[in-house]
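Shown next, in structure tokens, is the structure this report addresses.
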There are 2 protein chains.
Amino acid sequence: MHLSTKIYLTSAVLCSLHAAPFQARAQRIQPVRFSEVNITDQFWKPKQEKVATATLNACIIQTEEKSGRIRNFEKAARKQGEKHEGIYYDDSDVYKAIEAMAYSLKNRPDAALERKADEWIDKIAAAQLPDGYLNTYYTLTDLQQRWTDMERHEDYCAGHLMEAAVAYYNTTGKRKLLDVAIRFADHIDATFRVANRPWVSGHQEIELALMKLYHLTHEDRYLKLADWFLEQRGRGYGKGKIWDEWKDPKYCQDDVPVKQQKEITGHAVRAMYQYTGAADVASVTGDPGYMNAMTAVWEDVVYRNMYLTGGIGSSGHNEGFTDDYDLPNGAAYSETCASVGMVFWNQRMNALTGDAKYIDVLERSLYNGALDGLSLTGDRFFYGNPLSSIGNNARSAWFGTACCPSNIARLVASVGDYIYGKADGKIWVNLFVGSNTTFQVGKTAVPLQMSTDYPWNGSIRIKVTPPQKVKYALNVRIPGWAAGTPVPGGLYNFAAAGNGRVEVLLNGKSVNYQSDKGYAVIDRTWQNGDEIEVRLPMDVRQVKARAEVKADEGRIAIQRGPIVYCVEGADNAGEVWNLLVPANAAYTIQKSNLLDEPIVAIQAGLQVVKAAPDGLNIRTEPQTVTAIPYYTWANRGRGPMQVWLPVKIKNIRLAE
Amino acid sequence: MHLSTKIYLTSAVLCSLHAAPFQARAQRIQPVRFSEVNITDQFWKPKQEKVATATLNACIIQTEEKSGRIRNFEKAARKQGEKHEGIYYDDSDVYKAIEAMAYSLKNRPDAALERKADEWIDKIAAAQLPDGYLNTYYTLTDLQQRWTDMERHEDYCAGHLMEAAVAYYNTTGKRKLLDVAIRFADHIDATFRVANRPWVSGHQEIELALMKLYHLTHEDRYLKLADWFLEQRGRGYGKGKIWDEWKDPKYCQDDVPVKQQKEITGHAVRAMYQYTGAADVASVTGDPGYMNAMTAVWEDVVYRNMYLTGGIGSSGHNEGFTDDYDLPNGAAYSETCASVGMVFWNQRMNALTGDAKYIDVLERSLYNGALDGLSLTGDRFFYGNPLSSIGNNARSAWFGTACCPSNIARLVASVGDYIYGKADGKIWVNLFVGSNTTFQVGKTAVPLQMSTDYPWNGSIRIKVTPPQKVKYALNVRIPGWAAGTPVPGGLYNFAAAGNGRVEVLLNGKSVNYQSDKGYAVIDRTWQNGDEIEVRLPMDVRQVKARAEVKADEGRIAIQRGPIVYCVEGADNAGEVWNLLVPANAAYTIQKSNLLDEPIVAIQAGLQVVKAAPDGLNIRTEPQTVTAIPYYTWANRGRGPMQVWLPVKIKNIRLAE
């Protein structure tokens, strides 16, 4: 029997937990949850396997042995005045690891892993105070100081607790952590919203987490509290380090009320989580204020402040945004968590609008900026993801501030969340990932199977096997890059028109389709065995940046499908800063393996600028250069790397 | 009336404060204190003027307005539960600023500055607890936690308090801060040494500070406590972040007992302060254990782990030492404070041994690695001092961890400490700085006047005006670089033999002298008006690093006199990574001004490797390149810089 069921007033709200999934009123597309999608994909399934083993193992070892993260909960429960270890936001890493475990357990049951999660959850529950408060930093330092510095991540940690609790409940049906989360949510609601006490979250996260709790429990209070947190911003309520010491409310998007925000500013992850939460609220309330703000801000991100990799936040100084078009390559911060946040937010924007351009951005961030954060072995991580390196970058086993490892883990484990969408009489295919799922169309269950070797091959087959004929509109995303536009807004463009074109076939024959917001719409009556094949052109293409991006001036990048490529020293005699792209550069593709990762590598006919043997003269020679997917770099030790390669020589450096 | 005189038990020890300066038993040379030296130098006097105005003004504004450093003391005194601002070691910056003020006030009385110091001292004194404890971090967070984490810099802050107190007393005769420091020192002595409670300082500093207090008060307790602190190390007593979280006692030189240390490890500033303190103790006790350890460690630093600039600690990761010969240029940490620490320690080593090689290193660190930390305007600072830059380095107005600004300020203000030394019947001239002082030889006062345009000119004139004939040995340092050896131990060597030679003249005529440990010894009977002139060869010389230093392979650096040169974009069309040093490179010197700094610039006949106008071809052309003193770089905005220039082309990088 759960202790919590006796004492938690809020348990009553859980009566509807097992009701049909709630559909947000204002959104056009309801994403299909990863738990309803069986992934069979050759690209993603091995990654999920590595996350389930190597990545989660790293999270567990780091959380239990190499840091005080779990010990803090044990100490807080013992109440013997022991010292807090680590940083005040470390609780969140434990929660995020549990969330990743929950997703992984759904994909791949593992009794030992579930026992580990249960063990942690027991420790977390034991550390909760009778009034619902739960934060080991303040419990172990000075509880009198709780809720005094809005920067100290108490609500951020609470948000990650809620996300973990919802995920773990969804996978296991176990409600112990959920009860803890509900209790803390209720404490926060009573302390702030009900008491009318201002509170600006110093690191947004709780808003989107409350929305998950709301969708699970259908308890209006959490919707109201999420909206309340958003509405607190930009009104001068901030207190604590960001406001009083740094004097920089912009850093956490608190300079302007959310609904009046027009530009992207400050810390990138905070911004992404904020807009994800705002989109979640808007999807239920239909509030146009959030949507108007988000539309303007999204354009500011994507049109002027995004790397070709979908990474954002170019500066390490504020882990965030600077001036428009300020996108240095070597100094790029482009935090892994910010790319994860781009995936979150763009999914919501797509669901709200039905527009595929958001998935174009999501796909770019997912396959490039985010995935780069995880080593091919699954146990090494990048916090920042630069677009060039002189050889001084290496993946780490962990970080003092360890937000990224569990963030990429939970994203990979739940990548099934981003593949499909649905609405009455409509099915959306957003990402091309080998998988199967079943849609309910009216009273008919429509099993759907997607098979593909994407992102290496452009053929995607989608077969349906309904037991009877059924009419619905299948919306298959035609990626912007396939249609000739690498990113919405023209920050990046292909250097020349491509040769290939998109084809859509029904049962092997070309089919006419309507185009709607970036989707090919095939609205017809379907029968068992009908198969759509989409063929996307997989030319190797050169990309140019707008002239405003000074860092990419006189340079091109290589993209094939959704994958951004780079050149790395390991494939190219140790040096890649000596390459020049001639006007007639020719590219061929080559199926290959990078360690155990099957990839398509690109052989490029470039030029190399090199010293003569005497060390006194320089000559230029043709050279066949190997380019690899950006997300696979830095898996073979330190070495130089470049995404953007020069077509003209600008500055010459004689390096060490 | 001073409050302190009534309640401080320790005031009795001050009875001997005005006695003759204490002479350490075991040291050969007694440095002449800066307060006895009147600096007239064209190089240093303007720098002291800038420190007195711009640098100290920056310290004051940052300490009072832009950070909570002074507010923390006010809050601690008020005892109203207000919050601590900033970092737990911030108190030390206030103390170090007062120390710099004290030195500056001695050189250049300034009533307003003295009032400011008095005002701060009142606030500091008010924040001291009745038991003598003084640390605003713990007073404002949780006093129960004091003395629990050895890394938390409580003793470090106490040390800087003591140094400031001794300095301020020496300049002003005011003892309020001294009483505070004595009281805290006594609290620490009682809490640890007397109570036999282990304590490993997480950041050494208190040892050398206690020795200053000991020399002022002649109170044996402080000598014993300094020695006790040193003896605590390497015995497994460490508790706190360094030991329990990082598990890295090496970081603070706590892996081996001090007297058994043979290699330099860990955090560079901690190491320098430790050995300075050890030398101070050894100079009194004559303990050979410290001397043996320091000799081995010093060779490990200077023979294998020092930059050409005298900077040390190549890695930003641990702000310290890595492997032997690992001396990357662009990534060099080479913290300003570590170079300041090199000055401290090498002075002590020279005093203990009478060997000029320590001053050779001191001079190198002072004129290059340390001075580089201070902008020519006096109000911008470098924390790290790299030996090359691709243009991403800029001096800062301040730092979150702000140890460097006040450290370089106190060094420049007290540079008079490093010029002269004395012993019975002997006078040492260590640095060449225009100045005058008076030595007591027996019963005769010997006024001495040094005039020079060093480091730009190699002529140094030393005139004495004793009222009567007097016999003593004048020891004038002949720098290693002048004798043909840029650094002791051969880590760096001149590329070719020089043309010039050292000359020593007495009253205009060449004189024979004995050489002893790097000094020219002229032991004779001197009379009023006798003048020694030393002429040091000021050839521009190329320096090579040992082959083991991979970062400098195939490269040379330029040195003239004690000054290491660099090339910077501002003088060379914005780019310096495209330069190549031909075998016949010719150098000429040019008197010049860099902003308001008179310097000798060097015109070098080099080659430049540049792109043809079409951006597709590369050509090499002769180019006259301007080299400037390393310490003056980065005063004209961001731009590329190099100390080590290639003689052979190794890696070519086509940069953005």
Side-chain angles (χ1 to χ4, degrees), chain A residues 66-68 81 83 85-86 141-142 144-145 148-149 240-241 244-245 247 328-331 388 390-392 400 550-555 574-580 582-583 607-612 614-620 640 642 644-656, chain B residues 66-68 81 83 85-86 141-142 144-145 148-149 240-241 244-247 328-331 388 390-392 550-555 574-580 582-583 607-612 614-620 640 642 644-656:
Chain A
K66 302 216 171 160
S67 82
K83 277 196 65 176
E85 294 173 68
T141 55
D142 183 0
Q144 296 300 313
Q145 296 293 321
T148 56
D149 183 340
K241 189 165 71 175
D244 306 324
E245 190 174 326
K247 306 195 188 302
N329 291 310
S388 73
I390 55 170
N392 53 340
K550 292 299 172 206
D552 302 336
E553 199 181 347
R555 291 178 171 252
E575 186 53 87
V576 299
W577 285 80
N578 56 357
L579 302 174
L580 190 60
Q607 291 181 311
V608 61
V609 178
K610 59 200 297 187
D614 64 4
L616 300 176
N617 290 292
I618 293 173
R619 57 196 190 199
T620 301
Q642 287 205 98
W644 291 95
L645 299 171
V647 295
K648 289 211 171 186
I649 301 170
K650 204 162 138 192
N651 294 310
I652 297 163
R653 295 197 175 136
L654 307 182
E656 286 162 12
Chain B
K66 302 215 171 164
S67 82
K83 278 197 63 175
E85 294 173 68
T141 56
D142 183 359
Q144 295 302 312
Q145 296 293 319
T148 57
D149 183 341
K241 191 166 70 174
D244 306 323
E245 191 175 326
W246 299 352
K247 306 197 186 300
N329 290 309
S388 73
I390 55 169
N392 53 339
K550 293 298 171 205
D552 302 337
E553 197 182 347
R555 291 178 170 253
E575 187 52 88
V576 299
W577 285 80
N578 56 356
L579 302 174
L580 190 60
Q607 290 181 311
V608 61
V609 178
K610 58 201 297 188
D614 63 5
L616 300 175
N617 290 292
I618 292 173
R619 57 197 190 198
T620 302
Q642 288 203 98
W644 291 95
L645 299 171
V647 295
K648 289 211 171 184
I649 301 170
K650 201 161 139 195
N651 294 311
I652 297 163
R653 293 196 176 139
L654 308 181
E656 287 164 14

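Values below: all heavy atoms of this structure, side chains included; hydrogens, waters and symmetry mates excluded. This one's a predicted model, so the numbers in the text were calculated from it and none came from an experiment.
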Residue [X] versus chain B: region with a heavy atom under 4.5 Å:
{"X": "Leu645(A)", "value": "neither"}
{"X": "Asp552(A)", "value": "neither"}
{"X": "Gln607(A)", "value": "neither"}
{"X": "Lys241(A)", "value": "neither"}
{"X": "Val576(A)", "value": "neither"}
{"X": "Asp244(A)", "value": "neither"}
{"X": "Glu553(A)", "value": "neither"}

Could you walk me through whether Lys550(B) and Glu656(A) pass the salt bridge (Lys or Arg N to Asp or Glu O under 4.0 Å) test, one step at a time? CA-CA 8 Å; Lys550(B) 293 298 171 205; Glu656(A) 286 162 12; over 6 Å; no
Looking only at heavy atoms and a cut-off of under 4.5 Å, which of [options] has the most pairs with chain A?
{"options": "Gly574(B), Gly615(B), Pro646(B)", "result": "Gly615(B)"}
{"options": "Ala612(B), Ser388(B), Gly86(B), Ala331(B)", "result": "Gly86(B)"}
{"options": "Glu575(B), Lys247(B), Lys66(B), Gln145(B)", "result": "Glu575(B)"}
{"options": "Ile618(B), Asn617(B), Leu616(B)", "result": "Ile618(B)"}

Distance check, rounded to the nearest 0.5 Å: [X] atom [atom1] versus [Y] atom [atom2]?
{"X": "Asn578(A)", "Y": "Leu654(B)", "atom1": "CG", "atom2": "CG", "result": "7.0 Å"}
{"X": "Trp577(A)", "Y": "Ile652(B)", "atom1": "CH2", "atom2": "CD1", "result": "14.5 Å"}
{"X": "Asp142(B)", "Y": "Asp142(A)", "atom1": "CG", "atom2": "CG", "result": "6.5 Å"}

If you count heavy-atom pairs within less than 4.5 Å of chain B, which of [options] leads?
{"options": "Glu85(A), Glu245(A), Arg653(A), Arg555(A)", "result": "Arg653(A)"}
{"options": "Thr148(A), Leu580(A), Ile390(A), Thr141(A)", "result": "Ile390(A)"}
{"options": "Gly81(A), Ala611(A), Ala655(A)", "result": "Ala655(A)"}

Among residues at least two apart in sequence or on other chains, which ones pass side chain to side chain donor-acceptor pair (under 3.5 Å) with Ser67(A)? Arg69(A)
Would the number of heavy atoms belonging to other residues, nucleotides or ligands and lying under 6.0 Å from NZ of Lys610(B) be above 12?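 Open.
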Measure distances from Asn329(B) to the heavy atoms of chain A and classify the residue's part below 4.5 Å as side chain, backbone, both or neither. both
Under the salt bridge (Lys or Arg N to Asp or Glu O under 4.0 Å) test, residues paired with Lys648(A) that sit two or more places apart: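 Partners of Lys648(A) under the salt bridge (Lys or Arg N to Asp or Glu O under 4.0 Å) test: none.
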